[in-house]
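We number each residue from 1, following the sequence as shown. In listed order, ligands and their atoms are each counted from 1.
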Amino acid sequence: MGDSVLLKVASWLRENSTKDWVYGRLGGDDFGICLPAGDANLKQLERRFSRYVISNGSIEHRILMHMGIYKITEPEMDVSLMFDRAQLALTSVKNEYNKHIAFYDDKMRNQVMWDQMISAQVEKAIEEKQVRPYLQPIVDNNGQIIGAEALIRWDHPKEGFLQPETFIPTFEKNGMIADLDKFIWRSACEILSTWTDDKANLFISINISPKDFLFMDVFAEINSLIEEFNIEPSRLRIEITETVMMTEVENRIAILRRFRESGFIVEMDDFGSGYSSLNQLKDMPLDVLKIDMKFLSSSKNSQKAEIILRNVLKLSGDLGLSALTEGVETEDQYNMLSQMGCNLFQGYFFAKPMTVGEFEKVCESKVA
Ligand code: C2E
Ligand code: CA
Ligand code: CA
C-alpha cells in the first residue's frame with residue numbers, strides 16, 4: 001500500500017506540473033517541489049489534502065498529507081537550506097488533522113536556534129549553578145509556613161533571568177529535562193539537609209516531569225538522594241501531573257505506590273486542568289491534590305468557579321486527601337478557600353518564589 005501511495009503522488013505530480021516545476025522524492029514519504037509561486041493553488045491543495053483517499057479494491061484508505069512551504073526571498077541561498085526551512089514548516093503541522101499546509105516564518109527558525117543554543121549550554125549552566133531552585137512558601141490554615149515548592153530558574157549570563165516556560169518545553173522535547181530535574185532534586189535535598197532545629201519540620205516539593213520516567217528509574221534516583229543526604233522521605237514531596245499516567249499506567253501506579261510505601265508524600269499537581277482527572281483519581285496512589293486557582297480565574301462565571309472549587313475540595317476530603325490550592329492571589333480567595341475546607345495554600349498573596357536565602361530569612365522572621 002505504501003508503494004502505491006508513493007506512485008499515486010508521483011503521477012499526480014506529473015499530471016499537474018508544468019515544465020517550470022522541479023520535483024522529486026527526497027526519501028521515505030517526503031517529496032520536494034520547487035515551483036513558481038503563482039502556480040501553487042493553495043486553496044485547492046488544502047481541499048485535496050483534507051480528504052486524500054486511496055482505494056484498495058473495496059477498501060478506502062485515508063492518507064494524511066502535509067506540506068511545508070518556504071517562499072524564496074533570497075534566490076542566492078543554498079537550495080538545501082531552502083528545503084530545511086520548508087521542512088521546519090512541515091514539522092509544525094505534521095501532527096495536525098485539520099490543517100495541512102504551513103508556511104515557514106522566522107519565528108520557527110528562531111525557536112530552533114534558541115532550542116539549540118540553550119541545549120548546548122545546559123551542562124555548563126548546571127555546573128556553574130546558573131540554574132538553581134527558587135522556593136515558594138506553602139502555608140497552612142493559620143498562615144504558618146510549613147514548606148516550599150522548588151521552582152527552577154536560570155540566571156543566564158547573556159539572556160538574563162529565565163523563567164521555566166522559556167526553557168522547560170525545549171528540554172521536555174529533547175529529554176534533557178531529566179538532567180535538570182536530577183540537579184534540582186539534589187539541590188532540594190542539599191537544602192533540606194541544612195535545615196535543622198526550627199526548620200527541621202519544613203518540607204520541599206519537587207516537580208517530576210512525565211519525561212523523567214523515560215530516562216531513569218525515578219524512584220531509585222530520588223530514594224538514593226534521600227539516603228545520601230540522610231533526609232526523612234516525608235520532607236521531600238513528589239509533585240506529578242496526571243499526564244504521567246497517560247502511558248504505562250500500571251507501571252506508573254506501581255512507582256507511585258513505592259514512593260508512598262517508603263514514606264514520601266505524593267501530590268497531584270495542576271489537578272483539574274488536564275484530561276480525565278476524575279478517572280485517574282480513582283486509581284492513583286496519592287496524598288495531596290494541588291488545585292490551581294488559575295484554571296478557574298479565566299472563567300467569567302465566578303459563581304460556577306466557586307461551585308467547582310467547593311466540590312473539588314469536598315471530593316478531596318471524602319477521598320481522604322489533603323487539598324492544596326495554588327495561585328492564591330487575594331485575601332478574599334484565601335478566606336473563601338479556608339471556609340470551604342482547604343488546608344494548604346500557595347500563591348502570590350503569601351509570597352512569590354524567592355531565593356533560598358530569602359526563604360530562610362522569611363521563616364526566621366516568622367519564628368522570632
Ligand atoms: P507549577 O508546578 O504549576 O508551578 C506553579 C507555578 O505557578 C510557578 O510558575 C509559580 O511561580 C506560579 N505561581 C505561584 N503562585 C502564583 C500566583 O498566585 N499567581 C500566578 N499567576 N502564578 C503563581 P513557574 O515558577 O514559572 O513555573 C512554571 C512551571 O514550570 C511549573 O508549574 C512547572 O510545571 C514547571 N517547573 C518549574 N520548575 C520545575 C522543575 O524543577 N522541574 C520541572 N520538571 N518542571 C518545573
Ligand atoms: Ca508544581
Ligand atoms: Ca501547579
* Gln346 and ligand 1 - part of the residue with a heavy-atom distance under 4.0 Å ->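 Neither; nothing of Gln346 gets under 4.0 Å from ligand 1.
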* **Greater than 12 external heavy atoms within 6.0 Å of Glu232's CD** =>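 Count not over threshold, so no.
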Considering only the protein, which heavy-atom contact is closest to [atom], and what is its distance?
atom: atom 15 (N) of ligand 1; result: Gln136 NE2, 3.0 Å
atom: atom 42 (N) of ligand 1; result: Asp181 OD1, 2.6 Å
atom: atom 46 (C) of ligand 1; result: Ile168 CD1, 3.6 Å
atom: atom 5 (C) of ligand 1; result: Glu326 OE1, 3.6 Å
atom: atom 27 (O) of ligand 1; result: Pro164 CG, 3.3 Å
atom: atom 38 (N) of ligand 1; result: Ile152 N, 3.0 Å

Only heavy atoms of [X], strictly under 4.0 Å: list the atoms of ligand 1 that pass.
X: Val328; result: 18 (O)
X: Glu329; result: 17 (C), 18 (O), 19 (N), 20 (C), 21 (N)
X: Pro353; result: 11 (O)

* Would you please say whether a donor-acceptor pair under 3.5 Å links the side chains of His66 and Glu96? =>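 The criterion, which ignores hydrogens and geometry beyond distance, is not satisfied for Glu96 and His66.
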* **Exercise: do Glu165 and Gln163 side chains pair donor with acceptor under 3.5 Å** =>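 The answer is no; no qualifying pair exists.
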Any N, O or S atom of [X] closer than 3.0 Å to the Ca ion (ligand 2):
X: Glu149; result: yes
X: Glu326; result: no
X: Asn207; result: yes

* Of all the atoms in Asp292, is at least one N, O or S atom closer to the Ca ion (ligand 3) than 3.0 Å? ->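 For Asp292, the answer is no, given that no N, O or S atom comes within less than 3.0 Å of the Ca ion (ligand 3).
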* Asked: Do you see a protein non-hydrogen atom under 4.0 Å from atom 7 (O) of ligand 1?
  ->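 It does: a protein heavy atom is found less than 4.0 Å away from atom 7 (O) of ligand 1.
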* To do: Scan the protein's non-hydrogen atoms and note whether one is under 4.0 Å from atom 32 (O) of ligand 1.
  =>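 Looking at atom 32 (O) of ligand 1, one finds that no protein heavy atom lies closer than 4.0 Å.
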* Asked: Relative to the Ca ion (ligand 3), which of the N, O or S atoms in Asp269 is the closest?
  ->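 It is OD1, the N, O or S atom of Asp269 closest to the Ca ion (ligand 3).
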* Asked: Could Arg132 and Asp155 be called an ion pair, given the rule that one side-chain N must be under 4.0 Å from one carboxylate O?
  ->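 Salt bridge: yes.
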